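Remarks on the structure that follows.
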Number of protein chains: 2
Amino acid sequence: MAVQVLTVLAYKAGEPVTSSLLAASVNTNPVVIRRLLLVLQTAGFVETRKGASVGSRLRLPPQRIDLAQIYRAVETSEPFKLPQRNPKNPCAVGHCIQAALVQVFAATETALERELAKTSLAHILGLVEKSCGQNRKTPH
Amino acid sequence: MAVQVLTVLAYKAGEPVTSSLLAASVNTNPVVIRRLLLVLQTAGFVETRKGASVGSRLRLPPQRIDLAQIYRAVETSEPFKLPQRNPKNPCAVGHCIQAALVQVFAATETALERELAKTSLAHILGLVEKSCGQNRKTPH
DNA sequence: TTAAATGTAACCCGTATGGTTGCATATCGT
DNA sequence: ACGATATGCAACCATACGGGTTACATTTAA
């Protein structure tokens, strides 16, 4: 969802967009968008002003935003977390395996981010504009 | 968890292990283990016999099992699924972006599996035995 | 000053994962 | 043959998480 919102913002190329409009584009609730925008603000991706007839806009050019950055900003719980199997049983391979899995999963995580880093927001925007084949400023 | 169970089975090197013992090693419930074993059975990784003093054992050598296979067997919901934003609104970038994101996420998924395929169960077993530094057959 | 927008809190809901109990069934060992 | 043992399976509960919804105070441009 974050990618979708940022793509719309990139599509608007710096013009402020209200959360209601973003919500309509993603087909969800404005509040959900605002929650997401707060995260994107602290990550430095967007700038939001309060008040009438304003909204949010990109702070960085789409070329300088890639999916890995968005992933790190948005993702809370690591998909490769080991379920924190507690102590309690004194033995078993279970104890030793944790450390091994941490290594492997960390490697996987970095590989994942390296892959995501290959795709920039500008790239996605290009795909959208090409496949959609529409003129700017008119998202209809 | 699946990796952990399979590692223990590999550790036992073909000897049948009961779900209760596996549960103790992973510190969880035997039923949970059995549910997982059913998946691993249909995936062809393990073989389970019912009855007294038996259990499950590996059907393949640990070298021929890698994390990508386990991932595909166990994982149900794709981590990179787009939330199925329905039609309902006639316009917006939202419609065009779906196709673009599908491409990008599919590429990410394959990259992830390619990374997971690098690590075999035998490799993990090696890490465990080295870091744990214990003799076989006696996980306590 | 007023309309419009954000920030934020408080809920609800659907889904997924894992845990728990209980019981029928199959099978090994004696 | 029989009892001990372990799986298969169903039902239910607890928890966490993402997302949706409503409501309200606050800020700001026009």
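Per chain, numbering begins at 1; letters A, B, ... match sequence-line order. Predicted model only: the values in this text are computed from it and were never measured.
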Practice task
Classify the nucleic acid contact of A:Thr76 as base, sugar-phosphate or nothing, counting any heavy atom under 4.0 Å across all strands shown.
Solution key: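 Here A:Thr76 touches the backbone only, sparing every base.
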Problem - Among D:dG20, C:dT17, C:dT6, the nucleotide that comes nearest once only the side chain of A:Thr48 is considered - result: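 Per side-chain heavy atoms of A:Thr48, the pick is C:dT6.
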Rounded to whole Å, how long is the line connecting atom [atom1] of [X] with atom [atom2] of [N]?
X: A:Leu40; N: C:dT6; atom1: CG; atom2: P; value: 14 Å
X: A:Leu22; N: D:dG19; atom1: CG; atom2: P; value: 15 Å
X: B:Glu47; N: D:dA6; atom1: CD; atom2: C1'; value: 16 Å
X: A:Asn29; N: C:dC13; atom1: CG; atom2: P; value: 16 Å
X: A:Leu36; N: C:dG7; atom1: CG; atom2: P; value: 12 Å
X: A:Leu37; N: C:dA5; atom1: CG; atom2: C1'; value: 12 Å
X: B:Arg57; N: D:dT7; atom1: CZ; atom2: P; value: 14 Å
X: B:Leu38; N: D:dA10; atom1: CG; atom2: P; value: 10 Å

Problem - Under 3.5 Å: donor-acceptor pair, side chain of A:Thr7, backbone of A:Val3 - result: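 Yes; at least one donor-acceptor contact below 3.5 Å.
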Handout entry: Side-chain donor/acceptor of B:Thr108 to backbone N/O of B:Val104, under 3.5 Å
Key =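 The answer is yes, because a donor-acceptor pair under 3.5 Å joins these two groups.
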Practice task
Please answer: with hydrophobic residues joined when any side-chain heavy atoms are less than 4.5 Å apart, are B:Tyr71 and B:Leu37 in the same cluster?
Solution key: yes
Problem - Same cluster (ILVMFWY, side-chain, under 4.5 Å), A:Leu60 and A:Val5 - result: yes
Problem - Residue-phosphate contact under 4.0 Å: B:Ser19 side-chain N/O, D:dT7 OP1/OP2 - result: yes
Practice task
Answer yes or no: does a side-chain N or O of A:Gln41 lie under 4.0 Å from OP1 or OP2 of C:dG7?
Solution key: yes
Exercise for the section: Test for a donor-acceptor pair under 3.5 Å between the base of D:dG18 and the side chain of A:Arg35, counting only N and O atoms. Expected result: no
Exercise for the section: Just jot down the salt bridge (charged side-chain N to carboxylate O under 4.0 Å, His left out) partners of B:Arg57, sequence neighbours excluded, or say none. Expected result: B:Glu47
Practice task
List for me each residue that meets salt bridge (charged side-chain N to carboxylate O under 4.0 Å, His left out) alongside A:Arg72, sequence neighbours excluded, and say none if there are none.
Solution key: A:Glu113
Handout entry: Residue whose closest nucleotide on DNA chain C lies nearer the 5' end, A:Arg34 versus B:Glu75
Key = A:Arg34
Handout entry: Given B:Ile124, B:Asp66, B:Ile70, the one that forms side-chain contact (heavy atoms from CB on, under 4.5 Å) with B:Thr119
Key = B:Ile124
Practice task
Indicate for each nucleotide in nucleotides 25-30 of chain C, in 5' to 3' sequence, whether protein heavy atoms under 4.0 Å reach the base (B), only the sugar-phosphate (S), or nothing (-).
Solution key: -SBB--
